[in-house]
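If you scroll down you'll find the structure; I have some questions about it.
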Amino acid sequence: MEKTGIVQWKSPSNIAIVKYWGKKAGQIPMNASLSFTLSQCITDTKISYSAGNGKVEFFYEGQPKPEFFPKVRMMLDNLNLDFLKDFDLIIESSNNFPHSAGIASSASAMSALALCITDMQRNVRSLDKDFLSLASLRARIGSGSACRSVFGGAALWGKLESVAESTDEMALPWKSNLHSAFSDVQDWIFIVSAGTKNVSSSAGHKEMNSHYFRTGRITQAQQNIIQLIHALKEGDWNSFIEIAEMEALSLHALMMSGNPGYLLLEPESIRLIHAIRQLRKNTGWPVCFTIDAGPNIHVLFPKSIEDKMTDWCFTELPNYSAETRIIKDHVGNGPVKVQ
Ligand code: PMV
């Protein structure tokens with residue numbers, strides 16, 4: 001068994017179509033969620049370990065980052081892994097996209113960390129479960145949505161009666177349940193604001209405990225996920241569009257109608273929503289939006305219309321041509337081990 005070593009993983013963000021919003025103790029979701037795993041928004045995390053007594057140092061983009069450290073420490077503490085007590089860790093992490101801007105940076109960050117910890121365990125002890133399932137379970141402890149990033153293509157997280165192997169503890173790979181019409185989904189993220197959001201997802205989840213629409217939301221998410229599973233299997237873009245946009249707007253409606261209510265959308269987000277809907281109406285193209293917990297707008301469509309989308313964007317939204325205003329992402333194959 002190794003006494004020193006290095007493990008390094010690059011893990012992507014994901015975009016939920018049916019959203020996880022609200023949780024119970026231990027990061028157990030209030031409802032099941034289903035997401036596409038992305039490929040361009042990546043966290044790269046490296047852990048250098050050596051025999052020691054549980055000391056952890058954390059660097060973000062080469063610098064100590066005290067404001068991120070408590071989340072890392074909390075995740076490691078909550079994992080409660082005996083073998084970690086015998087090692088000192090140096091964790092070095094970097095993102096290639098803005099953090100805290102509604103691009104689910106916690107999903108890529110926590111999945112990368114969970115993959116590294118699980119890989120380290122594989123080197124210094126042994127694993128009692130399949131590697132990716134264990135990494136997903138651990139990523140969930142760091143940030144719920146992170147458990148879905150561990151699997152390429154798509155992932156489902158949360159117990160559903162109709163999916164026997166589904167569980168609240170970890171995500172399931174969902175790629176093999178996608179019709180070929182969904183094999184090359186593009187996600188163009190229009191960056192309305194790259195600043196830190198003023199209300200965290202944790203605060204939003206918490207509000208769901210006593211939200212006036214809590215029961216209704218659970219029923220809605222349950223129906224939407226069952227319909228989404230069907231649409232993804234059948235290659236039905238029309239139903240997909242209906243569900244994706246309903247979920248995005250419902251998520252933000254829940255934020256607005258909480259106590260206290262809050263708004264993460266900006267006037268520019270609304271302008272983009274109207275532009276996408278108008279485009280669909282005018283052309284009949286299978287294009288829609290979804291939104292995470294932030295003001296940025298994710299535009300989803302199949303690769304077959306990418307050239308047309310490029311022309312449309314160039315003509316209608318010329319101020320998004322700069323690289324800092326748009327991330328052209330797409331569904332990807334999941335995390336990659338470095339070295
Ligand atoms: O994983 P968290 O606790 O950051 O929650 C994220 C929730 C949403 O991104 C808004 C939806 C989702 O399912 O990813």
Side-chain angles (χ1 to χ4, degrees), residues 11-38 41 43 68 71-72 74-75 78 95 97 99-114 136-151 154-158 160 168-172 174 187 189 196-209 211 217-218 220-222 224-225 228 243-256 258 262-265 269 289-298 300 329 331:
S11 190
S13 179
N14 68 75
I15 181 69
I17 305 305
V18 170
K19 313 287 181 182
Y20 147 58
W21 200 237
K23 61 180 164 185
K24 304 176 213 160
Q27 293 291 53
I28 295 300
M30 201 180 85
N31 63 271
S33 56
L34 204 159
S35 58
F36 285 128
T37 307
L38 299 176
C41 300
T43 300
F68 285 3
K71 250 199 142 180
V72 172
M74 197 171 73
M75 170 170 172
N78 288 345
N95 272 1
F97 62 103
H99 61 82
S100 311
I103 314 176
S105 58
S106 62
S108 56
M110 291 301 166
S111 55
L113 185 57
S136 175
L137 186 148
R138 289 172 177 175
R140 182 196 104 238
I141 305 291
S143 167
S145 58
C147 73
R148 299 184 312 238
S149 277
V150 165
F151 299 106
L156 174 128
W157 169 39
L160 276 183
D168 288 339
E169 306 287 317
M170 67 192 103
L172 283 181
W174 206 253
D187 178 4
I189 310 166
T196 305
K197 28 183 205 196
N198 52 12
V199 183
S200 68
S201 292
S202 320
H205 286 299
K206 216 170 179 179
E207 282 200 351
M208 287 310 293
N209 291 336
H211 201 290
R217 169 57 192 159
I218 295 172
Q220 180 198 37
Q222 168 96 0
N224 281 347
I225 203 160
L228 177 63
I243 298 160
E245 294 194 350
M246 191 204 298
E247 278 289 315
L249 296 177
S250 298
L251 172 70
H252 284 265
L254 288 164
M255 294 174 193
M256 291 179 218
Y262 60 98
L263 256 168
L264 297 183
L265 298 178
S269 320
F289 65 84
T290 186
I291 322 170
D292 226 319
N296 303 320
I297 302 297
H298 292 242
L300 305 173
D329 210 337
V331 171

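One-based numbering, in listed order, for ligands and for the atoms of each.
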Requested in this report: Could you list the residues that satisfy side chain to side chain contact (heavy atoms under 4.5 Å, CB included) with Ala171, not counting sequence neighbours?
Outcome: Ser136, Cys147, Arg148, Phe151, Ala155, Trp157
Query raised in the report: Can you tell which part of Ser145 has a heavy atom less than 4.0 Å from ligand 1: side chain, backbone, both or neither?
Result: both
Query raised in the report: Can Leu300 and Ile17 be said to form a side-chain contact (heavy atoms from CB on, under 4.5 Å), step by step?
Result: CA-CA 10 Å; Leu300 305 173; Ile17 305 305; 3.7 Å; yes
Query raised in the report: For His211, what residues pass the ring-ring contact (aromatic ring centres under 6.0 Å, His included) criterion, not counting sequence neighbours?
Result: Phe213
Query raised in the report: Side chains of Asn14 and Thr37: is there a donor and an acceptor less than 3.5 Å apart?
Result: no
Query raised in the report: By number and element, which atoms of ligand 1 are closer than 4.0 Å to a non-hydrogen atom of Ser106?
Result: 4 (O)
Report task. Using distance alone, determine whether Trp21 and ligand 1 share an N or O pair under 3.5 Å. Result -> no
**Report entry** ligand 1 to Lys23 polar contact by distance, N or O atoms, under 3.5 Å
**Finding:** no
Report task. Enumerate the atoms of ligand 1 whose separation from the nearest heavy atom of Ala16 is less than 4.0 angstrom. Result -> 12 (C), 13 (O), 14 (O)
**Report entry** Atoms in ligand 1 flagged as close to Ala293, the criterion being non-hydrogen separation under 4.0 Å
**Finding:** 10 (C)
Requested in this report: Examine ligand 1 and decide if any of its atoms is less than 4.0 Å from a heavy atom belonging to Arg148.
Outcome: yes
**Report entry** Intermediate values then yes/no, side-chain hydrogen bond (donor to acceptor under 3.5 Å, both in side chains), Lys19 and Ser250
**Finding:** CA-CA 9 Å; Lys19 313 287 181 182; Ser250 298; over 6 Å; no
Query raised in the report: Backbone or side chain, does any N or O of Tyr20 fall under 3.5 Å from an N or O of ligand 1?
Result: yes
Report task. State, yes or no, whether a side-chain contact exists between Glu247 and Trp21 at a heavy-atom distance under 4.5 Å. Result -> no
